[in-house]
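Values reported hereafter were calculated over all heavy atoms of this structure, with side chains retained and with hydrogens, waters and symmetry mates removed. We count residues from 1, following the sequence as given.
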Amino acid sequence: MSNHDPGFSTHAIHTGQEVDQVFGAVVPPVHFSTTYAPDGIGNLRNGYDYGRAGNPTRSALQTQLAALEGGNHAFSFGSGLAAEDAVIRALMRPGQRIVMGNDAYGGTFRLFDKVHSAWGVSNTPLDLSDHDRVAAELEHPEATLLWVETPSNPLMAITDIAALAQLAHAHSALLVVDNTFATPYLQQPLRLGADVVVHSTTKYIGGHSDVVGGAAVLGSDDAADELAEKIAFQQFAVGAVSGPLDAYLTTRGLKTLGVRMDRHCSNAQAIAEHFDGHPAIERVLYPGLASHPGHELAATQMRSFGGMVSLQLAGGEPAARKVAEATKYFILAESLGGVESLMNYPHEMTHASVRGTELAVPENLLRLSVGIEDVQDLVEDLEQSLAGL
């Protein structure tokens, strides 16, 4: 028997997806049962007793997620924010503080600032590229967790995961990385020193804009085992789990993640290069461009540069609004990571909750989730919308 470690897509298709032993089904069945009969009192069948505590379909997804992130523990939740909430409540206590990037998803900041702050957990947003400032903040004993998005949402900043892992651990803090934009296909933060990886699986992992979900993944050492036990208890006690059909849809999406991401990346690169320097565009934000300040770092910690591109329009807010409402294939909508291209105006959509804070996004910015359509159609769609300015 070979000891060869399977590649990413082989893992995605086969890990946790064993052929059904009763009927030989190649696709494992979806288990909708909410409860499970034991072999007598206290003698559970394969560890299952109640749907909140465990479900075979969810277990299969969690096995997939752990393998693809290079971890040993994974937890599937009802949404990305539910996963984030469980991680914070499991690993932090009132009086402690989160150090986070000042370019973060609006929903994450809203969760931290409006929900967790009322529980007594504060937050400090800052520029994560300023390692001296990060170290100074982590000197404070109440700063026990460092939260990173890379690439960031929506300004596409790239953060040095390995360097910040060293900083966090030197100050006895934990590093959590939101890997939603990159996915485990492009980036594996646990291998770079992160303690926990979180995802909105609604996005690229699900990949078809038809399922909401979230995940948290941890490594395989003793420290990870201890953290995972705390998150497992939080998940069980609070119950924000993914349902079996949601878990199945997410598993199905994961099986094609690699091939989809290759197309997302190549399309995004082509669009970024085509519109870089366009007279109607002030700035193209995409780490695949050599001019991007995080380009070299992204090339070292990512397989490729992702499917997200942000544009700052030269005509300011009016131009951004007009373009957002004039495209054919780029659908004006929230979310990202589906096979179809989406356009978002963060100032009033995904990041409306951070207006008036230091996380506020430019009013002339559009965020593109570049899909897997034929790229020339996408280029022409953007060109015609810009021509109307």
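Looking at heavy atoms from C-beta onward, P125 lies in side-chain contact with M100 at the 4.5 angstrom threshold. Within the 4.5 Å cutoff, the side chain of L65 has heavy atoms near those of the I205 side chain. Looking only at side-chain heavy atoms (C-beta outward), L311 and L368 come within less than 4.5 Å of each other. Contact check for E383 versus H278: side-chain heavy atoms found under the 4.5 Å cut-off. The shortest distance between side-chain heavy atoms of S304 and M261 does not fall below 4.5 Å. Put simply, the side chain of I88 reaches to within 4.5 Å of the side chain of I98, judged on heavy atoms. Inter-residue side-chain proximity for L138 and T144 is flagged as unmet; no heavy-atom pair is nearer than 4.5 Å. Counting only heavy atoms from C-beta outward, the side chains of D160 and Q166 never approach each other to under 4.5 Å.
Using a 4.0 Å cut-off between charged nitrogen and carboxylate oxygen, D381 and K328 do not count as a salt-bridge pair. We find that R191 and E69 are not joined by a salt bridge, their nearest charged nitrogen and carboxylate oxygen being 4.0 Å or further apart. One finds a salt bridge joining R263 and D374 here, because a Lys/Arg side-chain nitrogen approaches an Asp/Glu carboxylate oxygen to under 4.0 Å. Between R321 and E325 no salt bridge is recorded (no basic side-chain N to carboxylate O distance below 4.0 Å).
Taking the six-membered ring where the residue is Trp, the centroids of F8 and H11 are separated by 6.0 Å or more. Between Y204 and H199, the gap from one ring centroid to the other reaches at least 6.0 Å.
Of the possible donor and acceptor atoms, one in the side chain of T250 sits under 3.5 Å from a partner among the backbone N and O of D246. Under a 3.5 Å cut-off, the side chain of T201 and the backbone N or O of G213 do form a donor-acceptor pair. Side-chain N or O atoms of S76 include none that pairs as donor or acceptor with a backbone N or O of R58 at under 3.5 Å. Without hydrogens or angle criteria, N179 side chain to Q187 main chain gives a donor-acceptor distance under 3.5 Å. With hydrogens and angles disregarded, a donor-acceptor distance shorter than 3.5 Å links the side chain of T183 to the backbone of Y185.
The CG atom of L111 sits 6.5 Å away from atom CD of E84, with the distance rounded to the nearest 0.5 Å. Here the OG1-CG distance, from T251 to L249, works out to 9.0 Å after rounding to the nearest 0.5 Å. For the atom pair OH of Y345 and CG of L313, the computed distance is 9.5 Å after rounding to the nearest 0.5 Å. Rounding to the nearest 0.5 angstrom, the gap separating the CZ atom in R355 from the NE2 atom in H347 is 5.0 Å. A distance of 13.5 Å separates CZ of F75 from CZ of F236, quoted to the nearest 0.5 Å. Atoms OG1 and CG, on T159 and L128 in that order, are 5.0 Å from each other to the nearest 0.5 Å.
Applying the 6.0 Å contact sphere to CD of E334 captures more than 12 heavy atoms from other residues, nucleotides or ligands.
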Where do R252 and D210 land on the salt bridge (Lys or Arg N to Asp or Glu O under 4.0 Å) test, with the steps shown first?
CA-CA 11 Å; R252 186 178 66 173; D210 58 6; 3.8 Å; yes

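Y105 and V217 fall into different hydrophobic clusters, where Ile, Leu, Val, Met, Phe, Trp and Tyr side chains are chained together by heavy-atom contacts under 4.5 Å.
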